[in-house]
**Q** 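Supplied in structure tokens, the structure appears directly below.
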Amino acid sequence: MESSHYRRCWTKMHCASLDLPYVLSECEEINSVLYKPINSTQRIKYSCFNVSLNYIILGSTSGSLYLFSRETCSFLQIIPLSEGAVTHVTISPDEKTIALTTTRDTVCLVFLKPTPRLMAVSTEHIHKQITCLCWNKNSTEVYIGDAVGRVSVMVSSIFTVNGMFQTRVYTLMNLDSGVVQLNFCSSMLLVSTITRCYICDTVREQYKQIGNKARNGEFGACFFEANTESGVTSDVETTPRNDSRRGTFSLISDSNISSENCPKIFCARPGSRLWEVSADGVVVKTHQLREALAMPPRLIFRPGSGAEEQQTEWPAQSVNFSHLFVIARKYLLSHTSGGLYVVDPASASVLLWNNEFASISMIAVAGDKIYLMTGDGEFHCLTLSSIGALILRLYRREEYRACLDACTLYRRHLSSIAKREMIELLDSEEEALRPLMALLRSGGRPAKLNSVHRENDIDERARCETSPSSEEKTVASSDSTSSESDNGLRCDLDPVYALANSIRAGLSEAEVEGILSEIDGRIRAIKESYKDSHEVTRAAELHCYNSFLENTPVQVLRSTGNDRVVRQFVRAFVDINAPSYARCGCGYPCPMNRNAAEPKFLPIGRTLIARFADHQPEECGNICDRVPYMWREYLAVRLQRRDALDDVLRQCLQTGDNVVLSFLLPALNEQQWSCVAACVSEIENGTCLFCATPLADKPDVSIDWTGIARQVMAREGPDEATAFLIRLQSMMPDIPLPDKTIFQSIVFTKILHHHGLRTSFTPSNQLSADFGTMCSSQVRDQLAKALEKDTRRPTDTSMFGTAAHHWGMRHRTKSLTCPCCTLSLQTPILLGNKGVAIFRCGHAYHVNCMIERKLTRCNLHHIVNTSQ
């Protein structure tokens, strides 16, 4: 009887929840979690943030990015960058790319998947103070606005060409005042500036002004996509774009703006006003909200706060809405430095407003959640919901004390809609709330409330549209248990993060061992207690490993006799780097990517190889199998000691790494070469050398004989490279000859050695990661003439390649992109006969660009031109 009484009351309250006022609630504290990765340093501060469907990304003053899982608010990884302090950051809708700006006013594109890496840097807006970024819904373009009114676009589809960046920023508009907010929908771009608002057709390359009245101040604008979640959904552009014809958009005055698939628009106006605008850019009506804001602020609900709303008179307010967002799929959200405002555009009314935060610096929206950052660096996560939905959510999660707090705080609202039965429930503490009070006193879990919970566990997003099936009730109950489990997991992980952050240079070996032992014990206990917490626990482990390797000097590994500490070095180094390499189902690694980067904490790896090579070679093999790059280090040690190589032959061949094979192959005897010949066909067919099954991940499984010979020449000289090629042809006569450029390189390198220059000759089409070859084509012609004179016969200039090259020197640059034009330094038409200017700081410019812009020094570091 009592259970059915509760069931009727809770169900009645749920069905009436749409009639209850809306509130903002803060039931989870995210600030301390977000600060865990930087708690150990006072130097790094968070400077900006953004949210997406699955992630929270934070930019920092150090230039690095910090990635968190949004739902669990758990730390995932650090993305280290060195382009300068981050000022704005935004995640693409497909969550594969991050766009960010820096205090240098550069725009950077970072690919998040499959592994984070910096892909492009643009300096088009340098010294212009970038104010906002916005992705299109296909995640192919990012739009940039700055303080002088320039709007431009970067197109991600042209960022990478064989690892080189051939990109620029296309300027679309030069407006009369700074850009405040950008918003994108379908193929339409909405631009809100200090003085005006514009709707832009990015396919037709046209834009028009919305309305005729100017303004002066920061005002936002957004598309009202009422059927999507703001900021986390994708959309399909209606018409493909031809990037080759990109140019400045043309301003039109008529209504010839495409409005297909485009929702209506809201633009902020001075004095608490909003323009409602049709999809083709015509103002339909003006919503005056000044009088609607004559209401007291609604307090944010926080469990245990005990604060009660004051029913006081409040004057009308004149507010300038600096930015506009869509929240909960049907409302508008805006903010000032000291207030949050939620507007119902359907009724032109103010749903609520709040003034509890003194200095809001930026906000982001995901569904019905508001993430905000204050001026002093604090983060908050607020949820917008009706009072009824709030109480039901707390009850479903079994947060009974918070549920009781909400019932008490909003008693007046509940009683007004629940009438007699709800009044009965709330007024009779002796009867109706007795189970709740008993629960709170005992800390137990009463069966009656549990049964009510399961029978009435209705998804709050359904909003009473349908009655839940039994399957839905089971899922909801599972969700509640999962939420409780997540809270417990976070609490249990807190000491783990604290221990990891306590590792620092100067600790004794005993102290380090004690911390590591404590971390291992806690991680094991957490894994046993939370069977489905692999991702979160794994993130915590990686954080501990990174902290350990970052803060423990490599000298400790060289000198320690503590086997536990050594084991931790091995585990940390392998676990951090192993995910970067694909593996076959049998456990052996797949071929490495030809452009694979060196492992993190490489000095640690080298020290481990040196430590184990003499007495524990099996440990070296284990490390190399998990991190194949380390075969480069281990093979060098094996060859120096003249060890037999039979036991590592297949492992090294399967790496496909030119450097590894350049160590291995020249040292083989005839019997071992016959094994290589037998393995080559399997390698070319893409099958594993250990289990003969097809490799699932094989970027390029062919053996690069030219690349191997080039590595031999670079390390041993042209004579050894020639000997290797002769040996290769003798042992494997059926393989095709390497590319002719290797023979040209050997000849020219031999000439350089003959004249005392101990360097290798590399043609222009064989660029390395460290060096670039760039100069004017005039040098090529001069070289051809010199050869004709020396050899007394015509010279085919095609042998030099077709790219821009520099035949006289090798140089290291910080970037292969010109800071002036953002095009490749190897663009032949810009090289002309003047070439490239290289500064002492490592930056390089096209000389033609410097002449055009009248530059005499490096704009990035202000160092006088000293070279070329």
**Q** If we ignore angles and hydrogens, is there a donor and acceptor under 3.5 Å between the side chains of Asn136 and Thr140?
**A** yes
**Q** Might you confirm whether atom CD of Gln671 has over 12 heavy atoms from other residues, nucleotides or ligands at distances under 6.0 Å?
**A** no
**Q** Using side-chain heavy atoms (C-beta onward) and a distance below 4.5 Å, is Leu81 in contact with Leu100?
**A** yes
**Q** Does a side chain donor of either Asn54 or Glu95 reach within less than 3.5 Å of an acceptor in the other side chain?
**A** yes
**Q** Tell me if the aromatic rings of Tyr629 and Tyr581 count as close, with their centers under 6.0 Å from one another.
**A** no
**Q** Quick one, Tyr66 and Ile57 - any side-chain contact, counting heavy atoms below 4.5 Å?
**A** no
**Q** Main chain of Leu557, side chain of Arg611: is a donor-acceptor contact present, judged purely on distance under 3.5 Å?
**A** yes
**Q** Considering only NZ, NE, NH1 and NH2 on the basic side and carboxylate oxygens on the acidic side, decide whether Lys527 and Glu541 come within less than 4.0 Å.
**A** yes
**Q** Are the side chain of Arg632 and the backbone of Asp657 linked by a donor-acceptor contact shorter than 3.5 Å?
**A** no
**Q** Treating Arg715 as the side-chain partner and Val659 as the backbone partner, does any N or O pair qualify as donor plus acceptor under 3.5 Å?
**A** no
**Q** Regarding Asp704 and Arg710, does a basic nitrogen lie under 4.0 Å from an acidic carboxylate oxygen?
**A** no
**Q** With a 3.5 Å cut-off and no angle check, do the side chains of Ser52 and Arg70 form a donor-acceptor pair?
**A** no
**Q** Kindly compute the distance separating CG (Leu635) from CD (Gln640), expressed to the nearest 0.5 Å.
**A** 12.5 Å
**Q** Should the pair Lys137-Asp94 be classified as a salt bridge under the 4.0 Å nitrogen-to-oxygen rule?
**A** no
**Q** Nearest heavy-atom pair of Met630 and Ile623: which atoms, and what distance?
**A** CG-CG2, 4.2 Å
**Q** Look at the side chain of Gln654 and the backbone N and O of Leu689, then say whether any donor-acceptor pair between them is shorter than 3.5 Å.
**A** yes
**Q** Assess the pair Phe75 and Phe68: is the distance between their ring centroids shorter than 6.0 Å?
**A** yes
**Q** If we ignore hydrogens and angles and just use 3.5 Å, is the side chain of Ser547 paired with the main-chain N or O of Ala500 as donor and acceptor?
**A** yes
**Q** Counting heavy atoms not belonging to Glu618, are there more than 12 under 6.0 Å from its CD?
**A** yes
**Q** Please determine if Asp614 and Arg641 form a salt bridge, counting it only when a charged side-chain N lies under 4.0 Å from a carboxylate O.
**A** yes
**Q** Does Ser730 reach the main-chain N or O of Ile726 with its side chain, forming a donor-acceptor pair under 3.5 Å?
**A** no
**Q** For Thr655 and Cys652, indicate whether the former's side chain and the latter's backbone hold a donor-acceptor pair under 3.5 Å.
**A** yes
**Q** I'd like to know if the side chain of Gln672 and the backbone of Asn669 have a donor-acceptor N/O pair within less than 3.5 Å.
**A** yes
**Q** Do Arg638's NZ or CZ and the ring of Phe663 fall within the cation-pi criteria of under 6.0 Å and 45°?
**A** no
**Q** Considering only NZ, NE, NH1 and NH2 on the basic side and carboxylate oxygens on the acidic side, decide whether Asp520 and Arg567 come within less than 4.0 Å.
**A** no
